[in-house]
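I have placed the structure first, in the form of structure tokens, so that the comments after it can refer back to it.
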Amino acid sequence: QGSGFTMSEVRVDEVILDARQDVVETDAAYIVRVVFDAMPDDTERLRVMGNGHLLRTAVVNVLENACKFSPDHVALVRLQATGGQFAIQV
């Protein structure tokens, strides 16, 4: 029957931007800066198979912790997409 998690194509850049919005709406003191590096021209290459809700929740948790434990409440998240692989750095 499966695990109960719905898998679909999810755009990694949209997950990051949506998570950023969630975090800054949670606390007005939190600032999240987003940098996209080496992004492909074809946005289809930004898609991965996954559960969008779970991916977004994971990114929100990491960004909230980064803001909470940063002296100035600022987090920098960087997405790098090269060679069909993604790296998210906070």
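These numbers come from a predicted model, not from an experiment.
Among residues two or more places apart in sequence or in another chain, the salt bridge (charged side-chain N to carboxylate O under 4.0 Å, His left out) test is passed with Arg20 by none. Among residues two or more places apart in sequence or in another chain, the side-chain contact (heavy atoms from CB on, under 4.5 Å) test is passed with Asn65 by Lys68, Phe69. For the side-chain hydrogen bond (donor to acceptor under 3.5 Å, both in side chains) test, no residue two or more places apart in sequence or in another chain qualifies with Glu9. Gln89 is linked by a side-chain hydrogen bond (donor to acceptor under 3.5 Å, both in side chains) to nothing, counting only residues two or more places apart in sequence or in another chain. With sequence neighbours left out, the side-chain contact (heavy atoms from CB on, under 4.5 Å) criterion links Thr57 to His53, Asn61. In this structure, the side-chain hydrogen bond (donor to acceptor under 3.5 Å, both in side chains) partners of Ser70, at least two apart in sequence or on a different chain, are Asp72. Not a single side-chain contact (heavy atoms from CB on, under 4.5 Å) links Asp41 to another residue, sequence neighbours left out. Listed by chain and number, the residues in a side-chain hydrogen bond (donor to acceptor under 3.5 Å, both in side chains) with Asp13 are Arg11 (sequence neighbours excluded).
Counting only residues at least two apart or on different chains, the side-chain hydrogen bond (donor to acceptor under 3.5 Å, both in side chains) pairs with a member in residues 30-40 are Asp37-Arg78. Sorted by first and then second residue, the salt bridge (charged side-chain N to carboxylate O under 4.0 Å, His left out) pairs with a member in residues 80-90 form an empty list; sequence neighbours excluded.
Members clustered with Val35: Leu76, by chain and number, using a 4.5 Å side-chain heavy-atom cutoff among hydrophobic residues. Under a 4.5 Å side-chain heavy-atom cut-off, the cluster of Ile, Leu, Val, Met, Phe, Trp and Tyr residues that includes Val74 is completed by Ile31.
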